[in-house]
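Read through the structure below, which is laid out as structure tokens, and then see the notes.
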Number of protein chains: 2
Amino acid sequence: MAKLAHDHTAEDCVELVPIFENLSKTDKETIATLVTHHHYKSGEYLFSAGDGADSLIIVAHGQSKVFQMAANGKEQMLRILQTGDFDGEAALFSNSDHNSYAEALMDTAVCQINRQDFQKLMQQTPELAVNMVNALGRRVGQLEQQTTEVTTASVESRLANYLLETSAGLDQAVFTLPLKKKDIATYLGTTPETISRKLTALAKKGMIEKISNNKFKILDADRLMMID
Amino acid sequence: MAKLAHDHTAEDCVELVPIFENLSKTDKETIATLVTHHHYKSGEYLFSAGDGADSLIIVAHGQSKVFQMAANGKEQMLRILQTGDFDGEAALFSNSDHNSYAEALMDTAVCQINRQDFQKLMQQTPELAVNMVNALGRRVGQLEQQTTEVTTASVESRLANYLLETSAGLDQAVFTLPLKKKDIATYLGTTPETISRKLTALAKKGMIEKISNNKFKILDADRLMMID
DNA sequence: CGGAATCTTGAGGCCCGTCAATAACGGTGG
DNA sequence: CCACCGTTATTGACGGGCCTCAAGATTCCG
């Protein structure tokens, strides 16, 4: 069989994912047998609020956004799922529904493990459970950070931090924003118009340089960090 | 020894706390030997940002608030620790520091378990690790909810929800707010002045009745729920 | 190349934060 | 029990940050 870009086997999934790290070879093989695969094209939904949540989802390849929809129709993005990330705390509890949506931002391959299988796995493999505890602990920390920033810092400050993090993650001075302005906006709890305005404001102050509408260069990281 | 209000033994702690539920008697006894106790008076700090985080903290009795301090000096409350709640995802990782503060709102008794002991416990007792995964999963859900509300809903709406939740928790029509306005404010991501104003606004609209400055009665729960 | 989606820019307004002064509360000690 | 003082709450005036609405420019992708 030809090796294609979307050709992922169960073993790939298990190898890729941090929560399965440092498990024994036999454990990994067991897990591989329990995993099912799905592919989603850009724009398709991995799940929607109200869907029954009966499995843990792991992103093997690609990128998806997870967001909630408030009563007034506003979106709030909660996180971007990258390769190796998982979602499904909801899936851990019996009879719970998703309260958020996950939409593929590009073609995305995911692995799923059924709730019951996963619970059994954790019972049999304490290492796995400990890995989960660590991963969830990290996530709690991130969310606490996000909550605090969104309520205490100005949009300009949040945007500056976002730019710094993004460029650091991509590890290059000139970088392309990986998201549309609308998505950046819901991530930072604001609107596309405001993002647009603040970006030109930062450029005018000489902290960043605008190469194209979604390509930027950090000019003065120190000042970006100090925006109130 | 006389039985005093603050007279809690290690067994009490283990019995009280959900994450130790459905463990075997011998497991619980083992845990009891690993636990140390501390008492804090109202206003004292259980820990502060920057402190080394080397143990998991469990509230055996009392109430404490956990909050972060933003760069500009603003507080953001993250949660209230009640009897049976624990904090310390930070404590799960080696060499990590607390990034938040915990202050006792009343006299509070806590149990602590050393990080290494707790990690070992989870390895030996998969049940415990699974309980932790469930507790952290629930917490992730709460935080996602808090993030979404704080960015998408108006202060009036957030306050209305807070009143509904609080009265539901206390299970009585007339209820006393368990927090000072300043604390409610940092919890909802606003200011005491705004809380004050919104409360009188809600009263003026006939949705609540103000009995005293911190005693209220819900008059129209349906309308409270529908505030945009 | 053409249409749709995204982005930009402007004008206007409102929610809410800030500052400040007064009032109410709560605990303490005489 | 009351006077006292620090903390907390209330109310007003004001301003600013950001959202909304709308129109035009640009980009994207088939």
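Quick note on labels: first sequence line is chain A, next is B, and so on, each numbered from 1. Treat the numbers as computed from the prediction; the structure is a model and nothing was measured.
Regarding contacts with the backbone of C:dC16, every side-chain N or O of B:T194 stays at 4.0 angstrom or more from both OP1 and OP2. In terms of phosphate contacts, B:K210 brings a side-chain nitrogen or oxygen within less than 4.0 Å of OP1 or OP2 of D:dT10. The shortest distance between the side-chain N/O atoms of B:K181 and the OP1/OP2 oxygens of D:dT10 is below 4.0 Å.
A donor-acceptor pair shorter than 3.5 Å cannot be found between the side chains of B:Q68 and B:Q76.
In this structure, A:K41 and A:M106 have side chains that are not in contact, with every pair of non-hydrogen atoms separated by 4.5 Å or more. Inter-residue side-chain proximity for A:F216 and A:S167 is flagged as unmet; no heavy-atom pair is nearer than 4.5 Å. Side-chain contact check for B:L163 versus B:L177: some heavy-atom pair is nearer than 4.5 Å.
Each of A:I195 and B:K198 was matched to the nucleotide of DNA chain C holding its nearest heavy atom; the match closer to the 5' end belongs to A:I195. Nearest-nucleotide positions on DNA chain D place B:L199 closer to the 5' end than the other of A:T191 and B:L199.
Regarding B:K180, its NZ atom lies at a distance of 14 Å from the P atom of D:dT10, rounded to whole Å. When the C1' atom of D:dA9 is taken as reference, atom CD1 of B:I184 falls 12 Å away, rounded to whole Å. In this structure, A:I211 atom CD1 and C:dC7 atom C1' are separated by 18 Å, rounded to whole Å. Rounded to an integer number of Å, the gap from A:L159 CG to D:dG17 C1' is 15 Å. One atom, CD of A:E156, and another, P of D:dG16, lie 16 Å apart when rounded to the nearest Å. Here the C1' atom of nucleotide D:dC19 and the NZ atom of A:K182 are 17 Å apart, to the nearest Å. Distance, B:I227 CD1 to C:dC16 P: 11 Å, rounded to whole Å. Counting to the nearest Å, the C1' atom of D:dC18 and the CG atom of A:L188 are 14 Å from each other.
Salt bridge status for B:K205 with B:E156: present, with a side-chain N to carboxylate O gap under 4.0 Å. Between A:D87 and A:R79 a salt bridge is recorded (basic side-chain N to carboxylate O distance below 4.0 Å). A salt bridge links A:E144 to B:R139: one of the charged nitrogens lies within less than 4.0 Å of a carboxylate oxygen.
Screening residues 65-92 of chain A for ring-ring contact (aromatic ring centres under 6.0 Å, His included) gives A:F67-A:Y101 as the qualifying pairs, with residues at least two apart or on separate chains.
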Interface polar pairs with nucleotides 21-30 of chain D, N/O, under 3.5 angstrom:
from: D:dC21; atom 1: N4; to: A:E193; atom 2: OE2; distance (Å): 3.2

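Axis deviation across the helix from C:dT8-D:dA23 to C:dG30-D:dC1 amounts to 50°, comparing end segments of five pairs, rounded to 10 degrees.
Between B:L188 and B:L159, the shortest heavy-atom contact is CD1-CA, 3.8 Å.
Listed nucleotides: D:dC19, C:dG17, D:dT10. Nearest to the side chain of B:T190: C:dG17.
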